[in-house]
Each structure stands twice: as C-alpha cells, then as structure tokens.
**Q** 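Take a look at this one; I'll ask things after.
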Amino acid sequence: METLSDDEQQRLRESEARLRLLLGSVAQAMWETDAAGVVVRDSPSWRAYTGQTSDEWLGYGWLDAIHPDHRAFAERQWRVAVAKRCLVDAEFRLRAPEGGWRWTNVRAAPVTQPDGSVMRWAGMNIDIHERKRAEAALRDREARLTLLVAELQHRTRNLLAVVGGIAEQSLRSSDTLDEFGARFERRLAALGRVQGLLSTGPLPSIGLRELIAMELGAHGVDSITDRTVSVVGPDVALSAATVQLLALALHELATNALKHGALRHDGQLAIRWSIADGDGPRRLTLDWDERGVAIKGEVRHGFGRELIEVSLPYELDADTRLVFDADGVRCRIALDLPGAGDDRSGGIAL
C-alpha cells in the first residue's frame with residue numbers, strides 16, 4: 001500500500017475537516033461504520049437526533065431507532081450497499097427524542113484506500129420531515145381538486161340534461177313562442193334558485209324544509225305565517241343528486257297551486273313528510289295535499305306530470321302517485337334514503 005507523505009496526510013486531514021464542516025451545516029446526524037458496515041464508533045449527533053444512547057446505537061442497534069414499517073427496508077438497503085460497495089440514498093422515518101417520528105434522508109458512501117479497498121463507511125442523515133409534510137399536503141390538495149373537477153363535470157352534465165328536458169317539455173306544452181318563453185323562464189328560475197343553494201359548498205346537503213320554504217317563498221307564500229299552508233316533517237338532508245329534480249317538482253306543484261289550486265282559491269295546502277325505519281334502508285314519504293279546491297276541466301299531461309310519473313321513478317327509483325279529484329290535488333312520493341348523513345330525499349312533481 002502506498003504511504004502518504006506528511007504534507008499529503010496534513011492536506012487530507014484539512015480536506016476531511018472542511019468536508020465535515022460542510023456536511024455538518026446540512027446534516028442532523030453524521031456517523032461512521034467499519035468496512036463491514038457495523039457501527040463501532042460513537043456519534044453524538046446521531047444520539048442527539050434520535051435520543052438513543054451510545055450502547056443502543058452501536059453495532060446494528062441503530063435499526064431500533066427506525067420506524068417499524070421502514071426497518072426491514074432500511075436494513076436491506078444498507079446490507080446491499082455494503083455488499084456491492086455502492087452509494088446509499090434512502091428515506092424513512094426515525095424516532096425523535098421528544099417522541100413521534102420524523103422523516104430523514106440517509107446518505108452514505110464507502111471511504112476507500114488507493115487500492116480500492118473499503119476502509120470505512122461515512123454517512124449522514126438530513127431531516128426532510130417538513131418537505132414530506134408539504135408533499136403530502138400537496139397530494140391532498142391535488143386529490144381534492146380532482147374530486148371537485150369530477151363533481152363539477154358531473155353536475156354540469158346533469159344540469160345540461162335537466163335544462164334540455166325543461167326546454168323540450170315546455171315547448172311541447174306551449175301553443176305559442178311567448179307562452180314557451182314564459183314557462184321556460186319560470187322553470188329556469190326555479191332551477192337557478194336551487195343551483196344557488198348547491199353552490200354553497202363542494203358537496204352540500206340541503207334540508208327538505210329549507211327547499212320547500214324557498215320555493216313557496218318564490219311564489220309569494222310564507223309557509224310560517226300563511227294560515228292556508230302547513231309544512232310538517234322531521235329534518236331531512238337532501239343530497240345534490242336529488243335536489244335538482246325535487247326543486248323542479250316543488251316549483252311545478254307550487255305554480256299549479258297558485259294558478260289553479262289552493263294558493264289561488266280558498267283552499268288548504270298541507271305538505272307533510274315522514275321517515276320510516278325498518279330492516280332495510282330508511283324510507284322517506286312526502287305528501288302534497290291540496291283540499292277545498294274543485295278541479296274543473298281535463299287535466300293535461302304536462303311537464304309536471306312527466307316529472308312525477310317518469311323522471312322521478314326513473315332517476316330516483318321512487319314510487320309516485322298523483323291524483324286529481326273533485327276536492328283538490330294529492331301527490332305522494334316515496335323513496336329510500338341511502339344512509340345517515342347522505343340522505344337522498346325525494347319530492348313530488350306535478
């Protein structure tokens with residue numbers, strides 16, 4: 001083996017000192033092992049970083065400071081590097097002196113003789129915990145953004161389908177373009193009101209009572225003070241999946257009641273709903289009941305009836321019934337609620 005001169009040895013020691021100073025400015029722990037990769041020398045910086053004692057750190061005791069989920073990975077990386085004499089660059093969690101775990105990046109390299117043989121291994125640990133937290137937060141934000149974009153696309157497709165259906169049904173039931181324009185505008189206004197509620201959050205839930213009060217209020221009826229109207233039922237949260245059709249249904253019912261029924265004549269309007277709990281899913285039943293109103297003439301099959309008899313059963317798997325009799329209008333819809341906190345409440349349509 002070639003022997004270094006005194007000057008060369010001095011320059012080597014100075015170079016190593018500068019290197020240690022540089023590494024110490026970025027590393028939380030610096031350490032050395034023997035040529036076989038076994039820790040035989042104390043490392044105060046490692047002990048300060050992990051809280052291990054000198055006896056706990058020596059040999060392969062350093063593995064005990066690594067998170068159990070990463071321990072096998074870290075040992076495998078180290079043994080392969082020692083066997084192949086290759087660099088180590090790995091990330092795992094280490095125990096912190098104050099408790100808990102912190103992410104670290106370990107880097108190690110063999111220190112070789114001029115003939116290529118390994119004298120020892122030198123390594124350091126760089127704390128990357130804050131970087132890992134930032135990366136996790138970024139992934140969470142990206143995941144939430146992806147969900148929001150998917151929800152927006154889904155709602156947009158549904159909304160366009162609803163608008164298309166409104167236009168088609170309004171045109172089919174109108175005799176003139178002016179009549180079509182007025183009906184289409186009113187129905188779009190009803191849809192706009194519920195869209196305003198849906199825009200309050202990424203995945204909102206809307207109370208059935210709130211939705212009824214909103215639609216009656218849009219027709220000039222205060223359901224709290226109006227003696228001809230009663231609204232009775234437990235709190236029920238409606239999901240965005242059902243509220244669009246239900247809002248349109250309530251709009252059609254209220255419009256018909258204002259033009260021909262209890263809200264125009266001296267009748268009574270009772271809106272009631274209940275929830276039945278059984279062995280299967282909870283079931284919501286909603287009744288719209290107008291009394292004291294004589295129905296005259298033939299009842300046309302318009303947009304409202306299409307909602308009740310076609311759209312609601314098809315879209316919400318609901319059981320519906322609409323009856324016009326000599327004393328007024330009765331309508332019922334019953335459907336299953338998907339579960340607590342995600343109620344798919346149903347409604348009635350005229």
Side-chain angles (χ1 to χ4, degrees), residues 151 154-155 158-159 162 187 189-219 221-226 228-257 262-263 268-291 304 307-323 329-350:
E151 176 69 13
H154 176 70
R155 289 192 193 177
N158 286 348
L159 183 59
V162 171
R187 287 164 178 169
L191 189 60
R193 286 191 290 272
V194 76
Q195 290 304 310
L197 288 177
L198 288 173
S199 65
T200 58
L203 292 173
S205 63
I206 298 171
L208 177 55
R209 188 183 306 276
E210 177 186 8
L211 190 62
I212 292 172
M214 179 191 69
E215 198 53 56
L216 290 178
H219 286 76
V221 178
D222 187 337
S223 60
I224 298 177
T225 61
D226 197 310
T228 65
V229 179
S230 64
V231 178
V232 180
D235 291 336
V236 181
L238 304 172
S239 69
T242 61
V243 73
Q244 287 180 345
L245 284 176
L246 182 55
L248 286 172
L250 291 171
H251 171 77
E252 294 298 318
L253 279 168
T255 298
N256 184 76
L263 298 183
Q268 298 290 322
L269 169 60
I271 306 172
R272 300 181 300 272
W273 64 93
S274 61
I275 300 175
D277 293 311
D279 295 334
R282 295 186 304 153
R283 192 158 183 83
L284 171 70
T285 300
L286 175 68
D287 287 296
W288 178 288
D289 194 352
E290 295 179 50
R291 289 300 171 193
L307 276 173
I308 295 174
E309 298 170 351
V310 178
S311 298
L312 291 174
Y314 178 78
E315 296 290 343
L316 306 180
D317 196 23
D319 295 323
T320 63
R321 184 179 64 190
L322 176 63
V323 177
V329 180
R330 287 176 294 160
C331 191
R332 168 173 287 188
I333 182 168
L335 54 78
D336 291 337
L337 297 175
D342 187 25
D343 289 336
R344 242 183 79 195
S345 301
I348 315 168
L350 179 68

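Computed over heavy atoms, backbone and side chain alike; hydrogens, waters and symmetry mates excluded.
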**Q** Please find the pair of heavy atoms, one from A257 and one from W288, that lie closest to each other, and give the distance.
**A**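 Heavy atoms of A257 and W288 come nearest at CB-CZ2, 4.2 Å.
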**Q** Looking at S274 and P234, what are the two nearest heavy atoms and their distance?
**A**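 That closest heavy-atom pairing would be CA-CD, 4.3 Å.
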**Q** With side chain to side chain contact (heavy atoms under 4.5 Å, CB included) as the criterion, how do L286 and I271 come out once you've worked through the C-alpha distance, each side chain's angles and the decisive distance to 0.1 Å?
**A** CA-CA 7 Å; L286 175 68; I271 306 172; 4.1 Å; yes
**Q** Check whether any side-chain heavy atom of V231 lies under 4.5 Å from a side-chain heavy atom of L269, and answer yes or no.
**A**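 Side chain of V231 against side chain of L269, heavy atoms only: no contact under 4.5 Å found.
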**Q** Kindly compute the distance separating CZ (R330) from CD (E290), expressed to the nearest 0.5 Å.
**A**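 With rounding to 0.5 Å, CZ (R330) is 12.0 Å from CD (E290).
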**Q** Run the numbers on R282 and V236 for side chain to side chain contact (heavy atoms under 4.5 Å, CB included), then give the verdict.
**A** CA-CA 11 Å; R282 295 186 304 153; V236 181; over 6 Å; no
**Q** Which heavy atom of P313 sits nearest a heavy atom of L307, and at what distance?
**A**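 Reported closest heavy-atom pair: CD-O, 4.1 Å.
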**Q** Please name the pair of heavy atoms, one in E309 and one in T320, separated by the smallest distance, quoted to 0.1 Å.
**A**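 Where E309 meets T320 most closely, the heavy atoms are CA-OG1, 4.3 Å.
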**Q** May I ask you to say whether R332 pairs ionically with D287, meaning some side-chain N is under 4.0 Å from a carboxylate O?
**A**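 A salt bridge links R332 with D287.
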**Q** For W273, which of T285, I333, V232, L208 qualifies under side chain to side chain contact (heavy atoms under 4.5 Å, CB included)?
**A**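 Of the listed residues T285, I333, V232, L208, the side chain to side chain contact (heavy atoms under 4.5 Å, CB included) partner of W273 is L208.
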